[in-house]
Amino acid sequence: MTRIQPAGSSDELSFPQPWSTAMTRPAPLTPASTTPHGRPSRRRRTLVSSALTGVLALGALAAVTGVAGGPGQGAERADAASLASTTTAAAARREGEVVVPGDFTGYGFDQCLAPTQETMNTWWRTSPFSAVGIYISGDSRACRSQPNLTPAWISTQVRKGWRLLPITLGPQASCQPRFPRYSDDRTINPSPGTQGTYVPALKMGRQEATSSVADAAALGIGAGSTLWYDLEGYNSADTHCRESALSFLSGWTQRLHALGYVSGVYSSAGSGIADLDKARINRPDRFTLPDRIWIARWDGVADTSTSYIREDGWRPGGRVKQYRGGHDEVWGGARINIDSNWLDLGKGSTAAPEEHCGGVRVNWPDYVPLQAPVTKNGRTTTSPATQVTALQCLLKEAGVYSGRLNGVYNDTLTAAVRTWQGRTGAKVTGRWYRDSWMTLHAAGSRPVLKTGSAGPAVRRVQRALNAASPDTRVVVTGVFAAPTERAVKAWQQRTGQQASGVVNVATWRKLAEGARG
């Protein structure tokens with residue numbers, strides 16, 4: 001994505017924003033009939049998804065029945081109300097379609113060209129990223145040709161756990177000096193129209209949304225997904241340029257809503273995003289605002305804040321921030337030139353409540369060694385009943401303990417401990433140690449976990465880390481957030497692993513071995 005900061009505007013960055021990043025690279029102009037790769041322009045291609053015919057027809061109807069030049073949100077309400085029932089049916093997801101990106105808080109990256117499957121697999125296992133921006137539509141894309149981007153590619157990434165951010169880069173603001181990029185794409189019409197409400201730009205935005213939905217559906221990205229419009233930075237002081245850009249985005253959002261999709265907009269914090277926020281506060285009925293924003297602000301801080309806009313806008317769950325521009329990163333030996341992003345979308349990363357053995361507590365800030373009662377000099381020492389009960393419960397769930405959950409380290413529990421130690425290759429002693437706790441917590445499925453992951457497997461890792469060292473006190477939440485990432489890195493470093501903060505197959509193996517460092 002390209003960020004251009006207009007002259008005379010304020011920018012928190014202490015260095016000039018570059019002309020381009022990994023997302024959009026300059027390309028030569030080409031003949032009007034073809035793209036740089038010899039492919040007919042998308043606007044002269046037949047829409048590929050026949051299943052969208054009804055939806056597209058409704059979209060055309062929306063352009064006629066909507067109050068094209070009136071206040072954006074008021075017009076959209078009337079438009080949506082008249083189309084609601086049929087649009088919902090027409091935009092219903094087909095079998096196999098996915099909804100992206102879902103609820104998530106964590107790291108993402110974007111790149112112009114969708115990476116190969118081999119690279120995606122490598123980065124999933126080794127990198128901190130769980131989300132990826134992909135260019136699926138728009139005649140102004142630098143990467144019009146996407147050889148890797150197929151329905152199978154989309155479904156494979158979703159199945160592996162990737163969160164997808166489908167991006168459209170079509171017509172750009174009329175005062176953006178780098179566009180049109182080719183001889184067969186357009187810029188946003190800056191004409192205010194007969195009523196001064198920038199109807200031409202509004203209609204262009206609706207048309208672009210219709211095309212984007214067709215391209216998304218052809219890839220298996222279904223209704224309910226967020227589609228992002230990439231509006232590169234422009235000069236906000238140019239009234240016609242600014243107002244037509246806002247009207248274009250209003251039309252984009254109106255049409256996406258009518259077709260059952262969620263609207264997202266990417267732009268520079270100092271121009272497009274700031275102008276949307278000003279419109280939200282000062283002219284709430286003039287434009288239909290996007291549901292989510294993607295802020296280009298290269299401050300190096302992985303959060304979704306910027307001083308360019310107010311903190312209450314698009315919160316909670318409606319922001320992404322691109323906090324670092326184009327740079328190379330290598331994970332698992334695979335190099336990609338990327339922009340870095342932090343996502344906080346929907347409900348964020350959450351874990352469902354968990355219960356063990358009818359309510360036995362198994363989550364502790366520390367897991368102490370346990371043993372059968374020991375009598376010495378007339379005094380009997382017993383292990384903490386609460387943690388003994390937790391051990392009984394977890395061993396019962398593992399299928400090696402069949403006794404009562406009574407908090408007593410008795411002969412039945414000792415036999416179960418011996419069984420577990422023999423099963424895991426540990427020295428069979430009948431006593432329970434910190435590494436024994438680790439092996440028990442690590443037992444089960446071994447998915448790749450990283451910042452943003454959530455669920456039972458995360459809880460097992462958090463419990464294993466607490467068992468590994470009395471100095472580690474991770475709150476067992478089931479959500480892989482910053483405290484868990486720090487604890488994973490510290491433990492990985494102690495045990496001679498690469499401190500990536502990613503729990504992959506090798507990390508699970510070390511946990512299952514009870515490695516403490």
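The figures that follow rest on heavy atoms only: side chains count, while hydrogens, waters and symmetry mates do not.
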### Task
Just do the side chain to side chain contact (heavy atoms under 4.5 Å, CB included) check on Arg283 and Asp285 with the steps written out, would you?
CA-CA 6 Å; Arg283 297 183 286 171; Asp285 293 327; over 6 Å; no
#### Entry: Trace of the side chain to side chain contact (heavy atoms under 4.5 Å, CB included) decision for Val448 with Val502
CA-CA 7 Å; Val448 173; Val502 178; 4.0 Å; yes
### Query
Does the pair Val99 and Ile221 meet the rule for a side chain to side chain contact (heavy atoms under 4.5 Å, CB included), with working shown?
CA-CA 6 Å; Val99 176; Ile221 300 171; over 6 Å; no
### Task
Take Trp294 and Gln322 through the test side chain to side chain donor-acceptor pair (under 3.5 Å) and record every step on the way to the result.
CA-CA 7 Å; Trp294 189 341; Gln322 186 181 76; 5.7 Å; no
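Here the shortest heavy-atom pairing between Ala142 and Cys112 reads CB-SG, 4.0 Å. When every heavy atom of Gly270 is checked against every heavy atom of Ser236, the shortest pair comes out as O-OG, 4.2 Å. Considering all non-hydrogen atoms of both residues, Asp344 and Thr105 come closest at OD1-OG1, 3.0 Å. Across all their heavy atoms, Ala296 and Tyr266 have their closest contact at CB-OH, 3.3 Å. Shown here for Thr306 and Ala269, the closest heavy-atom pair between the two residues is OG1-CB, 4.1 Å. When every heavy atom of Lys321 is checked against every heavy atom of Thr304, the shortest pair comes out as CB-CA, 3.9 Å.
Using modelled atom types, one finds no donor on one side chain facing an acceptor on the other under 3.5 Å when comparing Asn148 with Gln117. Of the N and O atoms on the side chains of Thr119 and Thr116, at least one donor lies less than 3.5 Å from an acceptor on the other residue. A donor-acceptor contact closer than 3.5 angstrom is absent between the side chains of Ser212 and Asp215. At a cut-off of 3.5 Å, with distance as the only test, no side-chain donor of Thr187 or Gln172 sits close to an acceptor on the other residue. Under the 3.5 Å distance criterion, with hydrogens and angles disregarded, a donor-acceptor pair is assigned to the side chains of Arg255 and Thr210. In the model, Tyr135 has no side-chain atom that pairs as donor or acceptor with a side-chain atom of Gln111 under 3.5 Å.
Salt-bridge formation is not detected for the pair Asp339/Arg324: no Lys NZ or Arg NE/NH1/NH2 atom is positioned less than 4.0 Å from an Asp or Glu carboxylate oxygen. Residues Asp275 and Arg242 are not paired through a salt bridge, judged by the lack of any N-O separation under 4.0 Å between the basic side chain and the carboxylate. Between Arg144 and Asp185 there is no salt bridge, since none of the side-chain N atoms of the basic residue sits less than 4.0 Å from a carboxylate O of the acidic one. Arg460 and Glu354 are not joined by a salt bridge, as no carboxylate oxygen comes within less than 4.0 angstrom of a charged side-chain nitrogen.
At least one donor-acceptor pair closer than 3.5 Å links the side chain of His327 to the backbone N or O of Gly325. Counting only distance, with no hydrogens or angles, the side chain of Gln195 and the backbone of Thr197 share no donor-acceptor pair below 3.5 Å. A distance-only check finds a donor-acceptor pair linking the side chain of Arg319 to the backbone of Gly313 [under 3.5 Å]. Of the possible donor and acceptor atoms, one in the side chain of Arg163 sits under 3.5 Å from a partner among the backbone N and O of Pro101. Put simply, the side chain of Trp508 never gets that close to the backbone of Gly444: no donor and acceptor are under 3.5 Å apart. Here the side chain of Asp110 pairs no donor or acceptor atom with the backbone of Gly133 at under 3.5 angstrom.
Rounding to the nearest 0.5 angstrom, the gap separating the OG atom in Ser211 from the CZ atom in Arg206 is 14.5 Å. The line from NE2 of His257 to CH2 of Trp252 is 11.0 Å long, rounded to the nearest 0.5 Å. One distance of note links CD1 of Ile136 with CH2 of Trp228; it measures 13.0 Å at 0.5 Å rounding. In this structure, CD in Glu208 is found 7.0 Å from CZ in Arg186, a value given to the nearest 0.5 Å. Annotation: the span from Thr168 atom OG1 to Asp139 atom CG amounts to 10.5 Å, rounded to 0.5 Å. Note that CD of Glu485 is 10.5 Å distant from OG of Ser453, once rounded to the nearest 0.5 Å.
Scanning for salt bridge (Lys or Arg N to Asp or Glu O under 4.0 Å) contacts around Arg486 gives an empty result, with sequence neighbours left out. Residues satisfying the ring pair (Phe, Tyr, Trp, His ring centres under 6.0 Å) criterion with Phe248, sequence neighbours excluded, are Tyr229.
Both the sub-6.0 Å distance and the 45° axial angle are satisfied by Lys450 relative to the ring of Trp162. A cation-pi geometry, defined here as NZ or CZ lying under 6.0 Å from the six-membered ring centre and within 45° of its normal, holds between Arg280 and Trp314.
Annotation: side chain of Thr253 is not in contact with side chain of Phe287 (no heavy-atom distance under 4.5 Å). Within the 4.5 Å cutoff, the side chain of Ile309 has heavy atoms near those of the Ile295 side chain. Using a 4.5 Å cut-off on side-chain heavy atoms (C-beta onward), Arg297 and Ser268 make no contact. Contact check for Arg315 versus Glu311: side-chain heavy atoms found under the 4.5 Å cut-off. At least one side-chain heavy atom of Leu343 sits under 4.5 Å from a side-chain heavy atom of Asn341. The side-chain heavy atoms of Phe129 and Glu329, taken from C-beta on, include a pair separated by under 4.5 Å. Looking at Leu227 and Ser263, their side chains never come closer than 4.5 Å, going by heavy atoms from C-beta outward. Looking at Tyr323 and Tyr107, their side chains come closer than 4.5 Å, going by heavy atoms from C-beta outward.
Note: Trp331 and Trp123 have perpendicular aromatic rings, judged against thresholds of 30 and 60 degrees for the angle between ring planes.
Checking each of Val265, Leu249, Thr226 against Pro290 for a side-chain contact (heavy atoms from CB on, under 4.5 Å) leaves exactly one that passes, namely Val265. Residue Ser225 forms a side-chain contact (heavy atoms from CB on, under 4.5 Å) with just one option from Leu256, Val262, Leu165, Val100, and that option is Val100.
Residue pairs that meet the disulfide (SG to SG under 2.5 Å) test with at least one member in residues 202-251, sequence neighbours left out, are Cys175-Cys241.
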